[in-house]
Each structure stands twice: as C-alpha cells, then as structure tokens.
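Note on naming: letters A, B, ... go to the chains in the order of the sequence lines (proteins, then strands), and numbering restarts at 1 for each one. The figures that follow rest on heavy atoms only: side chains count, while hydrogens, waters and symmetry mates do not.
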Protein chains: 2
Amino acid sequence: MKHAPASTRSGASREKGTLDRATIVRTALRLLDEVGIDGLSTRRLAAELDIKSASLYWHFKDKNELLNEMSGAMFEKALRPPNVDGPDFDWAEWLAEGARAIRRTALSCRDGAQVMARPRPRTPGLSFEDNVKTAMRSGLTDMEARLTMQTLRRFAIGSALQEQATPAATGIVVAGKEGFEFGLQTFLDGLRARLAERQKVARSLNRPRA
Amino acid sequence: MKHAPASTRSGASREKGTLDRATIVRTALRLLDEVGIDGLSTRRLAAELDIKSASLYWHFKDKNELLNEMSGAMFEKALRPPNVDGPDFDWAEWLAEGARAIRRTALSCRDGAQVMARPRPRTPGLSFEDNVKTAMRSGLTDMEARLTMQTLRRFAIGSALQEQATPAATGIVVAGKEGFEFGLQTFLDGLRARLAERQKVARSLNRPRA
DNA sequence: ACCTGAACACCGTTCAAGT
DNA sequence: ACCTGAACACCGTTCAAGT
C-alpha cells in the first residue's frame, strides 16, 4: 500500500506543476535563514519543497544559478521604492537610505551577506537607470552617480559581510550601525565637498571679475 | 612489494614531522590560485602535501580554521611594512596605499577576495595598534582612526569581491582600479573635510574675537 | 608526536525513465 | 512539461590503529 502523497513538509503542499523558480527562491531564502549557507543543500531544499533534489535541475541549471537568483531577490527587496519626493528632496539622505537598506537586508537573514555578495542576474534595467537619474539630481554627472551607487553597494556588502562573520574572531572596531554610519557619512561628506567645489567654479565662470 | 614512498607530488618532498601549519597554509594558497575555492578540498590539499586528508586534522581543527588562517596570511602579506617616513608624511596617501594593498592582494589570487572576506585569527596585536597610531598623525581621534581603517578594509574587500565575481553578470559600472579609486578618494575627501572643520574650530577657540 | 586506513554521513549533478 | 530512481564521483570529518 502506498502512503499518502507527502505534503507533510512545512505545511505548504502544492499540486504538481505549480512549482516555479520564484517559489523555489522564496523557499530557499527561508531555509537559508534556518540552516545557514552550509546547511543549504539541494537535497534539503528539495525536501522542503516536497520534491526530489534531481527535480531542481529542471528549474535551475545548477546550484550557482539558484544562489544568484537568491541574491537578486534580496536586492529587489532591499531597493524597493525609489520614493523620490518633491522639492525638499535630500539626495544625500536618499543615497544613505539605499545603502542602509542593502546592509539591513543582508543582516536580516542568516548568511544573507554571503548571498548578496554573489553576482545577481541581470535585472531588466528595472530601477537601476531610474536610480542613476535620481542620484544625478544632486549635481553629480552620470558616471559619478553610477560610481557612487557602486561604492555604496560595495561598502554596504563589505560591512554586512564582516558583521555577519563569526563575531569572536573579527577585528571589529565599532559594532553595528555606528561603525557603518561613520563610513557612510564620511563618503557622503566627500561627495558634498566635490559638489561644493564644482559650484564655486561654476559661479566664478558665470560672473568673472577680470 | 611496497612502492617508493611517494614524493612524486609537486616536487616538494619532505621528511616526516616537517609539516607545520605555515607550510600547509602556504600550499593551500598556491592550490587555491590553481583550482579556485570550490576545487580546494581537503583531499586535494592533502595530496598536494603528500599526506592523507585525515592528517590535516591533526594540524587544524577543521577546514574553517584552515581557511581563516589563509585569510590571516593574505592580510599579513597585504599590510607588510607600515613604512612611515619623516615630516613629509602624507597620511591620506598612506591610508590609500593600505586600502589598495588589500584590494591588490585579494585580486592577486583566484578567489582571494572570498578568502579575505573570512574572519582571520586574532593576530597578536602585531601591527594593528601601530597602524592606529600612524593614522592618528592625521589629527583623527583614536576611535576615528580605527573606524577609518575598518571602513577602508570593508570597502576594499567589498570591491575585490565584486570585481572577482563572474564578470558577465555583475552590474559593474567602471571596472578595475578607477572604480575603486573613486570611492577611496571620495572617502578621504570626507575625512579631510572633517579635519579642516576641526582645525577651523580649534583656531577660533585659540584667539576668540569677543 | 605525527600519520594512515577505513569508514560514516553526507554532497552536487546526470540521465534514463516515468506520468 | 515536470518529476523520480538510481547512480557517479566526489565531499568533510572521525577514530582506532600504526610508527
């Protein structure tokens, strides 16, 4: 006699053919938070989905592709709404919030930083170009805006990575948000200095004394 | 008939009892550069050392301990001589060189950034406190000096990590050194602004007008 | 003190075969 | 189109036993 068709796993039973990449990625992220990156095996994930591990290879080329998709999902979650307001728009605070969101998202899940440190699949230009535009409202050039976002992303991931590493052995100086804010604000100060210098030059060109 | 006692591996035969942690770490780093982090198995490393993989567990508690030691070795290599000169000492350039050295070392070895992103064993206070002292010659407080070094370390590792990720999928904006220098110099600009502000305040306190 | 043989409990991945 | 059974070629780690 055959036993009942599973569905005993984690409560969420599906009918066949319902399984798609998004569901797998979502489940993988939940499992990651439970067991950590070393515990996240294809067999364990398959069990969580009530399938066999071989089935995962119909949906994903290999485990790397799955992990990269997880990275993409975390970034999407971190960078939700550009949320640009009216004339009181504070570009520095907007950039800071973006960097904080990346770090916060990475820290919100066990080993999340290690996942976000991976390459993510080319999101279809969705919000990235919009964000560049928004960053340019500060007066930065297109290239500077991109470099700024790249720098903040690298710093946020680097910070989360160190903060999430086994706390005993790391040479952490100031734990938590304060250590992060120092680097963040100092970098933004550098941007402000650059923009102020640029405005000064522009003014002197507009009404030359000579 | 027993065959000859190995020594066919990679040319470097040893007599028994010669093997120590430093040799293992050095060999592991060479092997890492050959096969990458996914190829660096205890069995492969043991073969390279002409021992059996079980023997590694006499020298190291587990693979994690070995990897952390590798991280420590790479940082030692990166931060070699403090090399502080005379009165023409340029603290900003000194900090920049330290950050560049970390990034350069990470990029010098396949998957090197992933290794340096790991926690490293507590180095016996060797050069770290000296470096804090050196950084303070800029006028930064002790805490600011530590935060600065932490920030640059995080940014350098974060950069190397992204640069070393599979080049196709990453949203790299400006590849290579230029992308790194932007973040580095902008952060240092922020530090300069902070120090300049501090000097201005100090001067106004020295000779008050009122 | 240092190393091995042999095993344990896993991995990621492939592929013919099922439905 | 989607999933399984069964296998392949590996893993990290332990531990009694050797020298």
Side-chain angles (χ1 to χ4, degrees), chain A residues 2-10 12-28 31-32 34-70 111 114-115 118 166, chain B residues 2-10 12-28 31-32 34-70 111 114-115 118 166:
Chain A
K2 305 192 92 172
H3 53 58
S7 96
T8 62
R9 273 281 167 198
S10 66
S13 66
R14 272 168 295 92
E15 16 236 295
K16 69 129 201 172
T18 305
L19 188 58
D20 61 342
R21 287 168 70 103
T23 307
I24 295 174
V25 167
R26 201 176 338 107
T27 306
L31 183 57
L32 172 70
E34 279 179 34
V35 301
I37 193 115
D38 287 337
L40 187 74
S41 69
T42 54
R43 286 170 153 89
R44 184 86 167 74
L45 173 58
E48 211 75 13
L49 291 161
D50 272 326
I51 57 175
K52 302 298 166 182
S53 70
S55 311
L56 288 170
Y57 291 81
W58 194 90
H59 298 276
F60 292 92
K61 180 176 146 287
D62 55 19
K63 196 184 179 184
N64 263 319
E65 193 177 275
L66 169 62
L67 287 166
N68 293 351
E69 204 108 331
M70 291 167 66
D111 294 333
Q114 276 175 86
V115 169
R118 304 183 61 87
T166 80
Chain B
K2 307 192 95 176
H3 53 61
S7 96
T8 61
R9 271 283 167 198
S10 67
S13 65
R14 273 167 296 90
E15 17 236 297
K16 68 129 202 172
T18 304
L19 189 57
D20 60 341
R21 288 168 70 102
T23 307
I24 294 174
V25 167
R26 203 177 336 110
T27 306
L31 184 57
L32 173 69
E34 280 179 32
V35 301
I37 194 114
D38 286 337
L40 188 74
S41 70
T42 54
R43 287 171 152 89
R44 183 86 168 73
L45 173 58
E48 210 76 12
L49 290 161
D50 272 327
I51 58 176
K52 301 298 166 184
S53 71
S55 310
L56 288 171
Y57 290 81
W58 195 90
H59 298 275
F60 293 91
K61 178 175 148 289
D62 55 20
K63 195 185 178 184
N64 262 321
E65 192 177 275
L66 169 62
L67 287 167
N68 293 350
E69 204 108 332
M70 290 166 67
D111 293 334
Q114 276 175 87
V115 169
R118 303 183 61 86
T166 79

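As a whole-Å value, the separation of B/D50 CG from C/dC2 P is 18 Å. For the pair A/R21 CZ and D/dC2 P, the computed distance is 12 Å after rounding to whole Å. In this structure, CG of A/L66 is placed 10 Å from P of C/dG12, rounded to the nearest angstrom. Look at CG on A/D38: it is 13 Å from C1' on C/dC10, rounded to the nearest Å. Regarding A/N64, its CG atom lies at a distance of 14 Å from the C1' atom of C/dC11, rounded to whole Å. If you measure from atom CG of B/D20 to atom P of C/dC3, you get 10 Å, rounded to the nearest angstrom. Separating the CD1 atom of A/I51 from the P atom of C/dG12 is a distance of 13 Å, rounded to the nearest angstrom. With rounding to whole Å, A/R44 atom CZ is found 9 Å from C/dC11 atom P.
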Original post:
How does protein contact run along nucleotides 14-19 of chain D, one letter per nucleotide 5' to 3', with B for base contact, S for sugar-phosphate only, - for none, heavy atoms under 4.0 Å?
Top reply: BB----

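Taking CD from A/Q114 and CE from A/M70, the interatomic distance works out to 11.0 Å, rounded to the nearest 0.5 Å. In this structure, B/D111 CG and B/L40 CG are separated by 9.5 Å, a value rounded to the nearest 0.5 Å. The OG1 atom of B/T27 sits 12.5 Å away from atom CG of B/L32, with the distance rounded to the nearest 0.5 Å. In this structure, B/L49 CG and B/T23 OG1 are separated by 8.0 Å, a value rounded to the nearest 0.5 Å. Interatomic distance, B/K63 NZ to B/L45 CG, rounded to the nearest 0.5 Å: 9.0 Å.
Within the structure, every side-chain polar atom (N or O) of B/K52 is placed at least 4.0 Å from both OP1 and OP2 of C/dC3.
Annotation: C/dC3 and D/dC15 have their C1' atoms spaced 13 Å apart (nearest Å). With both ends at atom C1', the span from D/dC8 to C/dC10 equals 15 Å, rounded to whole Å.
Within a 6.0 Å radius of CG in A/D38, other residues, nucleotides and ligands contribute 12 heavy atoms or fewer.
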Original post:
If pairs are Watson-Crick or G-U with both distances under 3.5 Å, what is the dot-bracket string of DNA chain D, marking crossing pairs with [ ] and pairs to another strand with |?
Top reply: ||.|||||...|||||.||

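Each of A/L56 and A/R43 lies near DNA chain D, and the nucleotide nearest A/L56 is the one positioned closer to the 5' end.
Distances from the side chain of A/K63 to the nucleotides D/dC2, D/dG12, C/dG12 place C/dG12 closest. Side chain of B/H59, nearest nucleotide from C/dT13, C/dC3, D/dT4: C/dC3. Comparing C/dA1, C/dT13, D/dA1 by their nearest atom to the side chain of B/W58 picks out C/dA1.
Annotation: side chain of A/L66 is not in contact with side chain of A/T42 (no heavy-atom distance under 4.5 Å). With a 4.5 Å cut-off on side-chain heavy atoms, A/N68 and A/F60 do not count as touching.
Remark: the backbone N or O of B/H59 is paired with a side-chain donor or acceptor of B/R21 at under 3.5 angstrom. A donor-acceptor pair is defined here as one N or O able to donate and one able to accept, closer than 3.5 Å; such a pair exists between the side chain of A/D62 and the backbone of A/E65.
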